[in-house]
Amino acid sequence: MAFVCATRCHRRRALALILTVLALSAGRVGGEEFPSRPISLLVPFAAGGPTDTLGRILAEAIQVRLGRPVAIENVSGASGSVAMGRVAQATPDGYTIGIGHWGTNVLNGAIYDLPYDLVHDLTPVAMVANGPQIIAVSKDLPANNLKELIAWLKANPGKALAGTAGAGSAAHIGGVFFQYITGTQFKFVPYRGTGPAMTDLVAGRVDLMFDQASNSLPQVRNGKIKALAVTAKTRLSSAPNIPTVDEAGVTGLYVAVWHGIWAPKGTPNDIVSKLDAAIVGALADKALRRRFAELGQEVPTSEQQTPEGLAAFQHAEIERWWPVVKTANIRPE
Ligand code: MLT
């Protein structure tokens, strides 16, 4: 009798598993069309910062297209690696996704002993934005251009404070790159994101930041901080008065912080395609594109807005930056 029941239970469990896999591969979870409930979008840094700002703009636009709320959850810590770890460990059903960037999904892999694999434990969905950094200083700092900043830093070696979002964050690596090219020395002060770091730059508690344009431009526009250069070959259309690093005298200091969306490994293709379609629709929206432009963000190419496109871009960035970061021997604080 017990044997008969065990076999029957075994068959029933096998059948349930097959039906779940079939349902998942048909974009249905628990038999329901995806999405049938709210989606969590994990943001790896503090609220109010550049990644949070982009995440919220995107969440608003994709929830309209998915027909379900997309809720932001800020999970900061260890330069964003905690949040990406949460995404990597989440159920691969499309209801937990994360926004990441150059730091969280490339640089962190060369700095932290991550408990997950940045490439194999995460499913790329789409690249969503790309933008340069701004070399920003507090308004009372005795430097009004990049040459004066370098002279001031050289006159005060190791004294200045630069705000970052932790070791390996975009703000940190931008600063390390600047030190390397200019031969200057200053200290890095880690925050849970460049949102809180910006509060201290505005207050003059830190002296400079290598910050994403989306975070600095609003403060530059209201005169709370000074922008000395943009880390790109061309000026920002939304801030044509800020010189490029080449024009300002630090040739070749090009740093772009790109953002993407990832899901857990094993998320079914149908669900990834639905998420990607909603993102592509959102990125085509005129109002969103205007908002991104105001924040100094470029919308990626249509190829980059695909899972394969993001995977290829991330791979190329890993090839480029891991040797640089490893040579610089950057370690967690
Ligand atoms: C943030 O949102 O705080 C930034 O993306 C952090 C960083 O500079 O990496």
Side-chain angles (χ1 to χ4, degrees), residues 41-59 72-87 98-112 114 118 127-137 161-179 188-202 206 208-219 225 227 230-232 253-262 291-292 295-298 314 317 321 324-325 328 330 332-333:
L41 176 59
L42 273 53
V43 171
F45 298 104
T51 304
D52 182 69
T53 301
L54 293 179
R56 287 174 194 276
I57 294 171
L58 266 171
I72 294 287
E73 189 185 342
N74 296 88
V75 181
S76 61
S79 294
S81 60
V82 175
M84 272 305 142
R86 280 265 312 269
V87 176
I99 183 168
H101 65 32
W102 172 55
T104 57
N105 291 74
V106 172
L107 304 175
N108 281 352
I111 294 169
Y112 293 86
L114 299 172
L118 275 179
M127 195 162 148
V128 292
N130 198 348
Q133 290 184 321
I134 285 183
I135 303 176
V137 299
L161 302 177
T164 78
S169 64
H172 177 224
I173 303 302
V176 170
F177 206 19
F178 179 86
Q179 287 179 333
F188 293 107
V189 183
Y191 294 78
R192 285 191 163 275
T194 49
M198 179 55 72
T199 307
D200 277 6
L201 184 68
V202 167
V206 294
L208 69 164
M209 274 172 68
F210 299 83
D211 188 28
Q212 292 164 57
S214 51
N215 196 43
S216 285
L217 284 178
Q219 301 299 348
I225 60 172
V230 59
T231 61
L253 184 79
Y254 309 132
V255 176
V257 184
W258 50 274
H259 281 79
I261 300 285
W262 283 264
R291 189 89 184 79
F292 269 32
L295 293 170
Q297 300 300 302
E298 275 166 24
Q314 181 190 18
E317 288 278 278
W321 286 101
V324 174
V325 173
I330 295 165
E333 270 101 15

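Indexing begins at 1, ligand by ligand and atom by atom, following the structure's order.
Judged by distance alone, with hydrogens and angles left aside, the side-chain atoms of Ser79 form a donor-acceptor pair with the main-chain N or O of Ala167 at under 3.5 Å. Between the side chain of Gln219 and the backbone N or O of Ile225, no donor-acceptor pair lies under 3.5 Å.
When heavy-atom distances to ligand 1 are checked against a 4.0 Å cut-off, Gln212 comes that close only through its side chain, counted from C-beta outward.
His259 and Phe292 have their aromatic ring centers separated by at least 6.0 angstrom.
Ligand 1 has Pro50 within reach: a non-hydrogen atom of the residue lies less than 4.0 Å from it. Ligand 1 is never approached by Arg192 to a heavy-atom distance shorter than 4.0 Å.
Side-chain contact between His101 and Phe45 is present, with at least one heavy-atom pair separated by less than 4.5 Å. A heavy-atom distance below 4.5 Å is found between the side chains of Val176 and Phe188. In this structure the side chain of Thr104 never reaches within 4.5 angstrom of the side chain of Thr51, judged on heavy atoms.
Taking atom 3 (O) of ligand 1 as the reference point, the nearest protein heavy-atom neighbour is Thr194 N, 2.7 Å.
Distances from atom 5 (O) of ligand 1 to the heavy atoms of Thr51, Val43, Leu54, Asp52 show the closest one on Thr51.
Taking every heavy atom of Ser169 and a limit of under 4.0 angstrom, the matching atoms of ligand 1 come to 7 (C), 9 (O). Residue contact check: Gly193 has heavy atoms under 4.0 Å from atoms 3 (O) of ligand 1. Those atoms of ligand 1 with a heavy atom of Ala165 less than 4.0 angstrom away are 6 (C), 7 (C).
Residue Glu317 qualifies as enclosed at atom CD: its count of foreign heavy atoms under 6.0 Å is above 12.
Ligand 1 has a nitrogen or oxygen under 3.5 angstrom from a nitrogen or oxygen of Ala170. Among the atoms of Ala171, some N or O lies under 3.5 angstrom from an N or O of ligand 1.
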